[in-house]
Student: 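Shown below is the structure under consideration.
Only heavy atoms go into these numbers, but all of them, side chains included; no hydrogens, no water, no symmetry mates.
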Amino acid sequence: MIRFMDYENPIIGVMVTTACWLVTSMSEQGMLSPLNIQGWNNNVHPGIKRYIVAHYLQFDAVPVLWQGPERTSKWKINCLRNLEEIYGRNISVKLRQKDHVCLEVSSHSESNWRDPSGYDFWVKAALEDLGNQHKIFDYVRDHGLNLLCDVPGYTINNADVFRTHASRKADQHDFYLEIPDAQLLEKDLWQLYFHFDPRVGLKTCPVTGIKIVNKLGDPNWQIEVDLARTLDRPWLSEPEKQ
Amino acid sequence: MFRDECDLERIPHGLDDWLAREPIYYHPAMPLDQIPPQRCGDDEYIQDRQVLVIIVTSVMK
């Protein structure tokens, strides 16, 4: 992932930095803006990045604005007022010509930014909130991922790029994961990277008891997140998990 | 209030008439596995998007 931080396509590098903003927001509030799905060509736009994060968080269901042949019973949108009842008025709407004329609705209620193309500019909001950097990325690159667990200390070098340290003294670090059960060490805990938010002081998983402790963040910002869902995504192939 | 130049919704002219004719539906809780697989525009974008999917859904060690 370090190599993708400087990926030649800046969108990818920025995503490595800012995806945590979406992950935290959707962990706390769910998906505020419905996905726009054009059923004629099976396309999701705008909303593809929230769609990806919804899979990362393993949401069961998400709100959807569906256009095209009706598949199931839904709420029919007949007028602008119907859109406002769903989104409020902080929206941008455009009709885009593809193989069909597609409706594209962006809600700005989460970021309060609109990009020059009229889409939600959450990346700008994220970069501003994060101070244009990902302090935790820098920390784990320099110090490795430290795991506080009741096991004899050990270190794993992951492809000579990342290091993972497990010990009973990991709480001496500014950022570490508290692992209550040594069996959880068999999981690929690096999968939790996009939960690492430099702003949040503590994320606790009510299912596994894993805690993401961030002394560099706001100690009063503490949330519960089902990290078990991220750690158990059966559709991912093994090479993608590694 | 937007933080850019506009503090009102941005709506194309004639949208109400268009909405009255087109099949648009709101589903407040569509199961994620019912959302169709995605199709992309060009090969370069597909490659980049696959990388994006990988880095968001997992971590490259």
Side-chain angles (χ1 to χ4, degrees), chain A residues 1 4 7 9 11-12 15-16 19 34-35 37 41-44 48 51-56 59-70 72 74-80 86 89-95 103 108 112-114 118 158-159 161-162 190-191 193-194 233 236 240-242, chain B:
Chain A
M1 190 173 54
F4 286 119
Y7 191 67
N9 182 334
I11 292 175
I12 304 298
M15 281 300 294
V16 175
L35 303 179
I37 298 182
N41 57 12
N42 288 343
N43 190 46
V44 175
I48 186 67
Y51 167 84
I52 293 170
V53 173
H55 277 282
Y56 181 72
F59 282 2
D60 294 324
V62 294
V64 160
L65 192 70
W66 174 275
Q67 56 185 313
E70 186 178 7
T72 59
K74 305 179 192 71
W75 179 9
K76 180 83 167 67
I77 305 294
N78 288 312
C79 59
L80 178 58
I86 298 167
R89 294 197 66 191
N90 287 353
I91 57 176
S92 298
V93 181
K94 66 169 64 175
L95 296 172
L103 177 72
H108 308 295
N112 281 322
W113 281 105
R114 171 192 287 142
N158 312 108
V161 178
F162 291 98
W190 280 96
Q191 290 187 81
Y193 169 77
F194 293 98
R233 290 169 292 160
L236 282 184
E240 280 190 331
K241 289 182 179 177
Q242 293 173 354
Chain B
M1 176 72 82
F2 294 139
R3 286 181 279 183
D4 69 357
E5 78 283 359
C6 180
D7 62 355
L8 294 173
E9 59 193 0
R10 187 176 289 178
I11 307 294
H13 181 69
L15 180 65
D16 245 352
D17 292 339
W18 189 86
L19 287 171
R21 297 192 306 268
E22 295 296 319
I24 310 285
Y25 306 93
Y26 174 60
H27 196 306
M30 178 178 279
L32 205 52
D33 58 10
Q34 287 187 19
I35 296 175
Q38 296 303 289
R39 195 181 75 183
C40 303
D42 58 67
D43 289 340
E44 183 180 1
Y45 178 61
I46 289 172
Q47 288 173 5
D48 282 344
R49 202 179 71 114
Q50 285 173 339
V51 171
L52 183 63
V53 169
I54 289 169
I55 62 174
V56 174
T57 55
S58 65
V59 171
M60 308 294 288
K61 288 184 181 176

Student: For the residue pair A:Val62 and A:Ala54, what are the closest heavy atoms and their distance?
Tutor: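 Closest approach of A:Val62 to A:Ala54, heavy atoms only: CG1-CB, 3.9 Å.
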Student: Between A:Lys76 and B:Pro23, which heavy-atom pair has the shortest distance, and what is it?
Tutor: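 That would be NZ-CA, 4.0 Å.
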Student: Nearest 0.5 angstrom please: B:Leu19 CG to A:Leu80 CG, how far?
Tutor: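 Result: 7.0 Å between the selected atoms.
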Student: Mind ranking A:Ile86, A:Ile37, A:Leu35 by heavy-atom pairs under 4.5 Å with chain B and telling me who comes out on top?
Tutor: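 Greatest number of close heavy-atom pairs with chain B: A:Ile86.
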Student: Pick from B:Ile24, B:Asp33, B:Asp16: which one has the most heavy-atom pairs with chain A under 4.5 Å?
Tutor: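 Most heavy-atom pairs under 4.5 Å with chain A: B:Ile24.
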Student: Please flag which part of A:Leu65 lies under 4.5 Å from any non-hydrogen atom of chain B: side chain, backbone, both or neither.
Tutor: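 Both parts, heavy atoms under 4.5 Å.
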Student: For B:Pro28, is it the side chain, the backbone, both, or neither that has a heavy atom closer than 4.5 Å to a heavy atom of chain A?
Tutor: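 Just its backbone gets close to chain A.
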Student: Compare every heavy atom of B:Met30 with every heavy atom of B:Ile35, then report the nearest pair and how far apart it is.
Tutor: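 For B:Ile35 and B:Met30, the tightest heavy-atom pair comes out as CG1-SD, 3.9 Å.
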